[in-house]
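Please read the structure below before turning to the comments.
So you know, we letter chains A, B, ... as the sequences are listed, proteins then strands, and number each from 1. Here the structure is a predicted model, which means the values were calculated and not measured.
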2 protein chains.
Amino acid sequence: MSSMNNAVNLDWQDPSKATLYGCSSCQSSGRLDRLPADLLTSIGQSNPALPGLGRMTAGMMLAFTTDSQILDLEASLFEPPLLNHMAATGQSGFDLYRFSEGLWRFIDVSRPSLTSADHGYRFNLPFSADRMGRYLLYFPLYNAVKGLRLKVESGAVCHAWQPYQDPPVLIYGTSLTQGACASRPGLAYPAMLGRKWGVAITNFGFSGNALLEPVMAQAITRQVVSAIIIDCEANAGAADVLESRLPAFIETIRTVHRQTPLILVSRMPWLGEWHDQAFHERRRRYHRFQQAMAETRQDIEPLLYLSGEALLSEDASACTVDGIHLNDHGFAMLADQFDRLAGPWLVRQGILKQKGVTSCEN
Amino acid sequence: MSSMNNAVNLDWQDPSKATLYGCSSCQSSGRLDRLPADLLTSIGQSNPALPGLGRMTAGMMLAFTTDSQILDLEASLFEPPLLNHMAATGQSGFDLYRFSEGLWRFIDVSRPSLTSADHGYRFNLPFSADRMGRYLLYFPLYNAVKGLRLKVESGAVCHAWQPYQDPPVLIYGTSLTQGACASRPGLAYPAMLGRKWGVAITNFGFSGNALLEPVMAQAITRQVVSAIIIDCEANAGAADVLESRLPAFIETIRTVHRQTPLILVSRMPWLGEWHDQAFHERRRRYHRFQQAMAETRQDIEPLLYLSGEALLSEDASACTVDGIHLNDHGFAMLADQFDRLAGPWLVRQGILKQKGVTSCEN
């Protein structure tokens with residue numbers, strides 16, 4: 001087998017070697033951050049939790065081609081995995097897919113230390129002598145990456161690959177959007193939708209803090225996007241700011257993204273609702289509020305309202321780890337339903353190609 | 001709300017207070033062990049890994065009724081969670097379900113410490129003044145329980161509950177049977193099958209060590225069972241002992257369980273097979289071997305052979321955490337397919353009632 005004695009760097013910051021998706025500040029500051037650097041101070045003043053959450057690399061991914069049979073990863077993360085209801089691989093792992101014969105095939109996920117923020121892993125890559133492998137490497141969902149080195153075998157070639165060339169779809173949301181509690185970064189629902197839809201997804205999920213702050217709407221106006229999904233009720237509703245903040249939030253987005261298709265998603269039912277009527281009533285109230293907004297506010301069209309109630313299609317007992325946060329089964333179901341209910345609308349809006357055609361196949 | 005100042009013990013070792021399933025040695029030795037106490041020495045001599053794996057409480061569960069609004073749990077586990085590809089809640093958590101209106105509803109899972117083997121958790125129970133709640137508490141999948149205390153509110157009543165009265169179905173298998181990498185104990189496929197089928201499942205999954213040792217066949221002859229599932233190829237095949245040991249293993253079981261329906265399951269495809277032809281060929285070889293055994297050995301009937309190839313119905317990229325071990329999505333799919341393919345046969349064998357009728361509804 002091949003040796004790594006003379007391994008060479010796959011310089012992920014070199015655009016000729018790899019394409020980085022999902023990072024707002026990397027080109028300007030060199031930092032892996034999901035939030036625009038020039039708004040970080042005001043975002044932090046508005047909500048001190050957001051800058052730290054914005055450094056978590058949920059939704060970032062690197063696309064490259066190589067004929068190497070090995071990929072060595074050395075990462076310096078911010079902290080060891082800290083969540084007890086999510087596998088360390090989902091919190092801190094790097095998740096590798098290969099596009100082959102029309103399918104995104106999962107290759108392997110790096111296995112983080114449970115006690116250290118240093119993280120090393122060797123990926124063995126499928127080898128075929130006649131062609132380069134096309135790879136997508138998803139970054140950790142619940143950790144920040146301070147340093148990253150990737151190495152391929154000596155003599156191997158690496159090129160940037162662009163599976164997605166259109167502007168991304170941005171999803172603004174809660175911990176569910178950020179990816180809790182997927183067992184791997186590629187199984188968070190935004191990542192699954194990206195592979196289904198053949199588009200890059202910008203993950204603006206901020207665990208516990210989708211609170212519709214005005215400056216977050218400004219941050220969204222700085223993003224280059226083809227569509228925007230707002231899935232914030234589980235936080236903004238719980239904090240009772242949904243009704244007071246959502247109209248202005250959307251109006252701010254519309255000052256820049258004037259015709260960008262918007263999808264507004266209400267909260268999925270929580271398991272506790274079957275024995276807590278107050279939870280249930282509150283969700284119904286927010287449902288009516290958001291539905292009415294979508295039906296009556298012609299000034300903010302094109303806007304599609306999706307009821308969260310339609311997104312999980314069976315008894316949710318097998319879909320969550322704790323009654324609220326989806327596990328891999330819940331995410332797979334959510335991505336399927338989301339695609340079924342919103343995909344055709346996005347096709348009609350000209351954002352997605354016809355179903356079944358992913359851009360990386362071309 | 002209720003106070004726990006005068007909480008009372010729910011004595012889980014008292015058969016009038018709770019029904020314990022899945023423990024071979026509890027009544028004789030007081031220890032929570034899946035393996036028969038009198039065979040432990042010879043099992044350990046045959047395979048030193050088995051006694052430790054047998055102390056892991058996979059598949060053990062406690063059934064009770066109570067009108068308490070709170071259940072406090074204090075457990076002393078063997079070690080902190082150690083696996084980096086499985087949530088701590090799956091490794092070390094206790095997972096609570098309530099049977100209500102014909103459904104098993106997930107209530108909550110206890111949240112283990114990431115660094116300590118001490119484990120405390122308060123479950124808030126759904127309360128309805130007019131009736132007792134019927135609960136099933138699943139034990140940790142990848143940890144041993146050295147001590148356990150459960151407390152309910154002062155004044156609350158507790159009774160044993162027997163959701164399952166028929167002899168259990170035993171599943172002998174690998175880490176997948178033991179439950180890697182479910183996010184909660186109730187989402188391991190044996191637990192899901194148990195709820196679907198309305199039977200207790202005895203979990204004889206021994207991570208990495210389903211090696212068909214003769215003494216393990218003897219251990220299975222000591223169990224009171226209604227049916228036996230053998231799902232060992234991922235270990236016994238990898239160690240290349242499947243063909244040499246399986247016939248004698250089944251013959252030993254048949255010396256006692258003479259007419260007990262047996263289901264033999266071959267390995268599901270590993271993701272790596274799409275680029276590793278040798279893996280694929282080996283699985284095909286074992287498939288033919290097991291299929292031929294089931295078709296030709298009339299002396300060991302009733303025996304149903306299930307091809308593992310039929311058990312995952314879509315691209316497995318979303319079904320595993322590492323290409324081999326199923327995540328919650330893979331387990332949900334496996335349990336559904338298993339039920340579809342083996343359920344009707346077990347009904348015909350008189351083991352399961354007609355589909356859709358669970359024994360706890362009666």
Side-chain angles (χ1 to χ4, degrees), chain A residues 80-93 97-98 100-101 103-115 124-128 133 181-184 186-187 192 195 271-272 274-276 314-323 325-333 335, chain B residues 80-93 97-98 100-101 103-115 124-128 133 181-184 186-187 192 195 271-272 274-276 314-323 325-333 335:
Chain A
L82 299 177
L83 300 174
N84 58 9
H85 61 336
M86 182 173 175
T89 40
Q91 296 177 59
S92 302
Y97 282 70
R98 175 168 168 151
S100 180
E101 296 168 18
L103 279 181
W104 284 105
R105 293 183 190 270
F106 162 63
I107 299 299
D108 200 4
V109 66
S110 67
R111 304 279 285 257
S113 162
L114 293 176
T115 52
N124 292 300
L125 307 182
F127 180 70
S128 58
C181 294
S183 71
R184 294 190 269 112
L187 296 180
M192 297 188 92
R195 293 196 300 279
L271 205 64
W274 73 272
H275 59 82
D276 188 325
E314 63 178 46
D315 168 39
S317 276
C319 294
T320 73
V321 62
D322 58 6
H325 294 97
L326 298 178
N327 58 20
D328 292 332
H329 188 48
F331 273 134
M333 199 173 290
Chain B
L82 298 177
L83 301 173
N84 58 9
H85 61 337
M86 183 173 174
T89 39
Q91 296 177 58
S92 302
Y97 282 70
R98 175 169 166 150
S100 180
E101 296 167 18
L103 280 180
W104 284 105
R105 296 184 188 268
F106 162 63
I107 299 298
D108 200 5
V109 65
S110 66
R111 305 280 284 258
S113 162
L114 292 176
T115 51
N124 292 300
L125 307 183
F127 179 69
S128 58
C181 293
S183 71
R184 294 190 268 113
L187 296 180
M192 297 188 91
R195 293 196 299 280
L271 207 63
W274 74 272
H275 59 83
D276 188 326
E314 64 179 45
D315 169 39
S317 275
C319 294
T320 73
V321 62
D322 57 6
H325 295 97
L326 298 178
N327 57 21
D328 291 333
H329 188 49
F331 273 134
M333 199 172 292

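- Heavy-atom pairs under 4.5 Å with chain A were tallied for B:Asn327, B:Asp276, B:Val321; the largest tally goes to B:Val321.
- Distance alone, capped at 3.5 Å, places no donor-acceptor pair between the B:Asp328 side chain and the A:Ala318 backbone.
- In this structure the side chain of B:Asp322 reaches within 4.5 angstrom of the side chain of A:Arg111, judged on heavy atoms.
- Looking at A:Pro81, only its backbone comes within 4.5 Å of chain B, counting heavy atoms on both sides.
- Listed options B:Val109, B:Leu187, B:Leu114, B:Ile107 were ranked by heavy-atom pairs under 4.5 angstrom with chain A; first place goes to B:Leu114.
- Of the two parts of A:Tyr97, only the side chain, counted from C-beta on, holds a non-hydrogen atom closer than 4.5 Å to a non-hydrogen atom of chain B.
- Ranked by heavy-atom pairs under 4.5 Å with chain B, the list A:Ala88, A:Pro126, A:Ser183, A:Ser92 is led by A:Pro126.
- Judged by distance alone, the side chain of A:Asn84 and the main-chain N or O of B:Pro112 form a donor-acceptor pair under 3.5 Å.
- Using a distance-only test at 3.5 Å, with no hydrogens or angles considered, a donor-acceptor pair links the side chain of B:Arg195 to the main chain of B:Gly186.
- The line from CZ of A:Arg184 to OG1 of B:Thr320 is 5.5 Å long, rounded to the nearest 0.5 Å.
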